[in-house]
Student: 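One structure coming up, written as structure tokens, with questions to follow.
What you see below is based on every heavy atom in this structure, not just the backbone, and it leaves out hydrogens, waters and symmetry mates.
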Amino acid sequence: MTTSAYLCAHLPLSLHFGWITAAAVVSLNSLAALTLQPAAQLATAFVSVTASAATGVAVAFASGDPLYALTLAWALNAVAADGGRRAKETMGELPLQALTLTARAGAYLLLAAAAGQALRGGIGC
């Protein structure tokens with residue numbers, strides 16, 4: 001792939017794919033917050049974080065492209081940085097700390113997968 005094709009087509013589409021995935025997960029969790037009991041909301045959040053990390057790693061290895069994984073790592077890092085501040089009175093401190101650690105671990109896993117693909121030559125220009 002030429003540098004211009006990579007910069008003009010592949011890079012923006014990979015980033016967009018990652019952000020669309022992150023936005024879909026946020027929408028799912030927003031729906032859960034409006035319709036489910038707190039325990040089910042928390043379960044949805046844990047499944048979402050884990051599934052996002054797993055999907056990012058799978059796409060990185062299947063495509064050889066680190067950008068999608070990097071985008072999801074950025075999103076999971078934002079989840080970890082927030083720490084569930086708005087849900088502390090509903091969920092309690094301990095479950096949200098566990099969710100924060102899970103999101104941070106997912107972000108690190110995605111960074112490792114992206115680095116592995118980049119080292120294998122996954123950046124196409």
Side-chain angles (χ1 to χ4, degrees):
M1 177 180 315
T2 67
T3 300
S4 61
Y6 180 81
L7 292 175
C8 293
H10 184 81
L11 182 127
L13 287 174
S14 289
L15 292 173
H16 184 71
F17 180 35
W19 282 116
I20 289 295
T21 303
V25 170
V26 168
S27 293
L28 173 70
N29 281 282
S30 294
L31 178 64
L34 293 172
T35 61
L36 299 177
Q37 296 298 318
Q41 292 174 23
L42 192 60
T44 302
F46 274 103
V47 169
S48 296
V49 165
T50 305
S52 295
T55 301
V57 169
V59 169
F61 282 101
S63 68
D65 180 20
L67 293 174
Y68 179 75
L70 284 173
T71 306
L72 289 181
W74 186 357
L76 287 182
N77 189 54
V79 170
D82 177 68
R85 281 181 263 163
R86 288 172 279 157
K88 281 188 181 169
E89 57 277 344
T90 306
M91 301 290 176
E93 186 78 27
L94 188 60
L96 294 175
Q97 287 176 349
L99 182 61
T100 297
L101 290 173
T102 303
R104 182 136 305 135
Y108 288 145
L109 178 66
L110 287 163
L111 285 174
Q117 291 310 303
L119 291 172
R120 289 181 54 202
I123 297 179
C125 62

Student: Report all side-chain donor-acceptor pairs from residues 50-58 shorter than 3.5 Å, counting only partners two or more places apart or in another chain.
Tutor:
unit_1: Thr50; atom_1: OG1; unit_2: Phe46; atom_2: O; d: 2.9
unit_1: Ser52; atom_1: OG; unit_2: Ser48; atom_2: O; d: 2.8
unit_1: Thr55; atom_1: OG1; unit_2: Ala51; atom_2: O; d: 2.7

Student: Check whether Phe61 and Leu72 end up in the same hydrophobic cluster, where Ile, Leu, Val, Met, Phe, Trp and Tyr are linked by side-chain heavy atoms less than 4.5 Å apart.
Tutor: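 Both belong to a single hydrophobic cluster.
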Student: With sequence neighbours left out, what residues match Pro12 under side-chain contact (heavy atoms from CB on, under 4.5 Å)?
Tutor: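 If we apply the side-chain contact (heavy atoms from CB on, under 4.5 Å) test to Pro12, skipping adjacent residues, there are no hits.
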Student: Taking only residues two or more places apart in sequence, or in another chain, which ones meet Thr71 in a side chain to side chain donor-acceptor pair (under 3.5 Å)?
Tutor: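 By the side chain to side chain donor-acceptor pair (under 3.5 Å) rule, Thr71 matches no residue at all.
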Student: Less than 4.5 Å apart, side chain to side chain, heavy atoms only: is that true for Arg104 and Asn77?
Tutor: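 The answer is yes; the side chains approach within 4.5 Å.
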Student: Scan residues 33-46 for pairs that pass side chain to side chain donor-acceptor pair (under 3.5 Å), counting only residues two or more places apart or in two chains.
Tutor: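 For residues 33-46: none.
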Student: If you look at every heavy atom in Thr100 and Ala80, which pair is closest and at what distance?
Tutor: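 Heavy atoms of Thr100 and Ala80 come nearest at CG2-O, 3.2 Å.
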Student: Between Leu110 and Ala73, what is the shortest heavy-atom contact and its length?
Tutor: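 So the two residues come closest at CD1-N, 3.5 Å.
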Student: What closest approach, in Å, do Ala113 and Ala60 show between heavy atoms, and which atom pair accounts for it?
Tutor: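 Looking at all heavy atoms of both residues, the shortest contact is CB-CB, 4.5 Å.
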Student: Determine the minimum heavy-atom distance between Leu96 and Gly83, stating which atoms define it.
Tutor: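 Taking Leu96 first and Gly83 second, the nearest heavy atoms are CB-O, 3.8 Å.
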Student: Determine which pairs satisfy ring-ring contact (aromatic ring centres under 6.0 Å, His included) with at least one residue from residues 92-113, sequence neighbours left out, and list them in order.
Tutor: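 For residues 92-113: none.
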Student: Donor-acceptor pairs under 3.5 Å, side chain of residues 16-23 to any protein atom, not counting sequence neighbours: which ones?
Tutor:
unit_1: Thr21; atom_1: OG1; unit_2: Phe17; atom_2: O; d: 2.9
unit_1: Thr21; atom_1: OG1; unit_2: Tyr68; atom_2: OH; d: 2.9

Student: Hydrophobic cluster membership, with links at side-chain heavy-atom distances under 4.5 Å among I/L/V/M/F/W/Y: are Leu70 and Val25 in one?
Tutor: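 In one cluster: no.
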Student: Can you get from Leu111 to Val79 by hopping between Ile, Leu, Val, Met, Phe, Trp and Tyr side chains that sit under 4.5 Å apart?
Tutor: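 Shared cluster, no.
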Student: Check side-chain contact (heavy atoms from CB on, under 4.5 Å) between Ala24 and all other residues, then give those that pass, not counting sequence neighbours.
Tutor: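 side-chain contact (heavy atoms from CB on, under 4.5 Å) check on Ala24 returns nothing, list empty.
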Student: Clusters formed by hydrophobic residues whose side-chain heavy atoms approach within less than 4.5 Å: which one holds Leu13, and what are its other members?
Tutor: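 Taking Ile, Leu, Val, Met, Phe, Trp and Tyr as members, Leu13 stands alone, with no cluster partners.
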Student: So Val49 and Leu99, do their side chains get closer than 4.5 Å, heavy atoms only?
Tutor: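 They are in contact (side-chain heavy atoms under 4.5 Å apart), so the answer is yes.
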